[in-house]
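Not measured: the values here are computed from a predicted model. Atoms within each ligand, like the ligands themselves, are counted from 1 in listed order.
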Amino acid sequence: MTEIVISGTGLYTPPQSISNAELVAAFNQYVDDFNRDHAAAIEAGEVTALQHSSEEFIVKASGIRSRYVVDKSGILDPRRMVPRIPERGNDEPSVQCEMAVAAAREAMAQAGKSAADIDAVIVAASNMQRPYPAMAVEIQAALGIEGFGFDMNVACSSATFGIQQARDAVANGSARCVLMVNPEICSGHLNFRDRDSHFIFGDVCTAVIVERGNSATSGDTYRILDSKLQTIYSNNIRNNFGFLNRGDESGIGQPDKLFVQEGRKVFKEVCPTVARQMSAQLESLDIAPTQLRRMWLHQANLSMNQLIARKVLGREATAEEAPTILDEYANTSSAGSVIAFHKHRADLAPGDIGVLCSFGAGYSIGSVVLEKR
Ligand code: CO8
């Protein structure tokens, strides 16, 4: 089979960051205001009093310490708790396009590619800011790329699924070189008034260049040895937002029109399935766990990653073997494993093997085995 490689990655990090302390202070102010305003109803047993969030819980349950966001002030305003993102005119670049162009430029520079070298753009992300025209087509135009572009969504696994689409396109000749981008504005669909999930997500954009090995000129390329995708239907992570909502006014404003999940069930059901997929994939490639130099895992929860790495390796993974970026970035959905790959690969030597692996809503699992060239 033709050798297909990843030859560049890019990362756009929004300039504003929110610490757990800042997020919890805003949330607790919202709780105090709510409980005061509903004191009589709470006293009468008609309304349930809200409970404070806590920094200690967040770090212990998730490993998250901060998150980058496109707008901090709107999220931290206890009367609002939604990012302020003014609507733009149709003749202005959209927010996701701006983020994607910044990440794409870094990936293209790393790969030594100009717009003329690329002929397909895939936007793979949990949520698009509009249904059409596809974000990918706008990004393609902004970068001056000729060819085609399309959007795809497999929630947190969008990037690994996108890498496989890019690999297939290059392998079958429908594209020479593909730009795959993951503009994730998770703060747009997170309920910052929900104690169970207000701390989980952050905003970011990553980009990946996929091309044939024989056209790659970068000194830092990774052979795609294999990619494996799996989806298993589950309602345990769900977002019911959509244009059909306007057909039933009773649902407008309901919490399930934003991100909702059964976190415990997700943890229990997803970890063993991910570990089984990675182990079976490595076995099919005759790669022993001892040969695995790195796991760039989806960044949702530190304990989840430690458990998955332990199941695959048969022992505790070191911080070097399974690097963590969720402490600083939180869960950035599809971008998390790509951020880990972008930031933690400089020390790899030719022949070193790693797995880029994502998992999330669907359920969806994608694992891409890479070898440093
Ligand atoms: N502060 C203090 N206490 C809290 C808080 C809080 N903020 N939140 C909950 N508690 C309390 C609970 O009330 C509970 O109390 P009690 O024991 O008295 O009932 C206790 O703490 C324990 O609560 P949980 O059981 O919920 O806590 P967990 O230890 O399970 O941790 C986690 C919660 C962190 C959510 C954990 O379950 C987890 O990380 N699970 C995996 C989640 C995951 O990987 N999800 C994938 C989502 S990503 C995806 O695919 C969607 C992509 C779409 C992007 C959407 C962007 C918005």
J.: Would you mind checking which non-hydrogen protein atom is closest to atom 12 (C) of ligand 1, with the distance to 0.1 Å?
T.: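 Heavy-atom neighbour on the protein nearest atom 12 (C) of ligand 1: Arg195 NH1, 4.0 Å.
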
J.: With heavy-atom distances below 4.5 Å as the criterion, would you say the side chains of Lys257 and Asn245 are in contact?
T.: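 Yes, close enough: below the 4.5 Å cut-off.
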
J.: Would you check whether Ser53 has a nitrogen or oxygen atom less than 3.5 angstrom from a nitrogen or oxygen atom of ligand 1?
T.: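 Ser53 vs ligand 1: N/O contact under 3.5 Å present.
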
J.: Please work out which of the three classes, parallel, tilted or perpendicular, describes the rings of Tyr30 and Phe34, given edges at 30° and 60°.
T.: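 If you compare the ring of Phe34 with that of Tyr30, the planes turn out tilted.
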
J.: Would you mind running through ligand 1 and noting each atom that sits below 4.0 Å from a heavy atom of Gly360?
T.: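 Heavy-atom distances to Gly360 below 4.0 Å select 50 (O).
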
J.: In terms of atom number and element, which parts of ligand 1 are under 4.0 angstrom from non-hydrogen atoms of Ala361?
T.: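 Every atom of ligand 1 under 4.0 Å from some heavy atom of Ala361: 49 (C), 50 (O).
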
J.: Mind telling me whether Phe341 and Trp296 have parallel, tilted or perpendicular rings, with 30° and 60° as the class edges?
T.: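 Plane angle over 60°, so perpendicular.
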
J.: So is there a nitrogen or oxygen of His52 less than 3.5 Å from a nitrogen or oxygen in ligand 1?
T.: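 No; every N/O pair is 3.5 Å or more apart.
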
J.: Go through ligand 1 atom by atom and flag the ones less than 4.0 Å from a non-hydrogen atom of Ala61.
T.: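 Heavy-atom distances to Ala61 below 4.0 Å select 31 (O), 34 (C).
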
J.: Would you say that Val181 contacts Thr206 through its side chain, given a criterion of any heavy-atom pair below 4.5 Å between the two side chains?
T.: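 No. Closest side-chain heavy atoms not under 4.5 Å.
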
J.: Taking 4.0 angstrom as the limit and counting only heavy atoms of Gln261, give me the atoms of ligand 1 inside it, by number and element.
T.: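 Selected atoms, number and element: 35 (C), 42 (C), 43 (C), 45 (N), 46 (C), 47 (C).
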
J.: With a 4.5 Å heavy-atom cut-off, do Pro183 and Val123 have their side chains touching?
T.: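 In short, these two side chains touch, coming nearer than 4.5 Å.
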
J.: Number the atoms of ligand 1 from 1 as they appear, then name those within less than 4.0 Å of a heavy atom of Ala300, with their elements.
T.: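 Answer for ligand 1: 44 (O).
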
J.: Check each atom of ligand 1 against the heavy atoms of Asn301 and keep those under 4.0 Å away; list them by number with element.
T.: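 Contacts of ligand 1 toward Asn301, numbered from 1: 34 (C), 36 (C), 38 (C), 39 (O).
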
J.: Is there a side-chain contact between Leu11 and Lys343, using heavy atoms and a 4.5 Å cut-off?
T.: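 Result yes, sub-4.5 Å side-chain heavy-atom pair found.
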
J.: Give the atoms of ligand 1, by number and element, whose distance to some non-hydrogen atom of Ser333 is under 4.0 Å.
T.: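 Answer for ligand 1: 52 (C), 54 (C).
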
J.: What atoms in ligand 1 come closer than 4.0 Å to a heavy atom of Asp196?
T.: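 In order of number, 8 (N), 9 (C).
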
J.: Select the closest option to atom 23 (O) of ligand 1 among Phe27, Phe267, Phe57, Phe359, judged by heavy-atom distance.
T.: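 Looking at heavy atoms only, the winner is Phe57.
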
J.: Is there side-chain contact between Val5 and Glu211, with heavy atoms separated by less than 4.5 Å?
T.: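 Yes, their side chains come closer than 4.5 Å.
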
J.: Has ligand 1 got any nitrogen or oxygen that is less than 3.5 angstrom from a nitrogen or oxygen of His189?
T.: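 No - when backbone and side-chain N and O of His189 are compared with those of ligand 1, no distance drops under 3.5 Å.
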
J.: Which heavy-atom pair separates Leu370 from Ile6 by the least distance, and what is that distance?
T.: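 Shortest heavy-atom separation between Leu370 and Ile6 comes out as CD2-CD1, 3.9 Å.
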
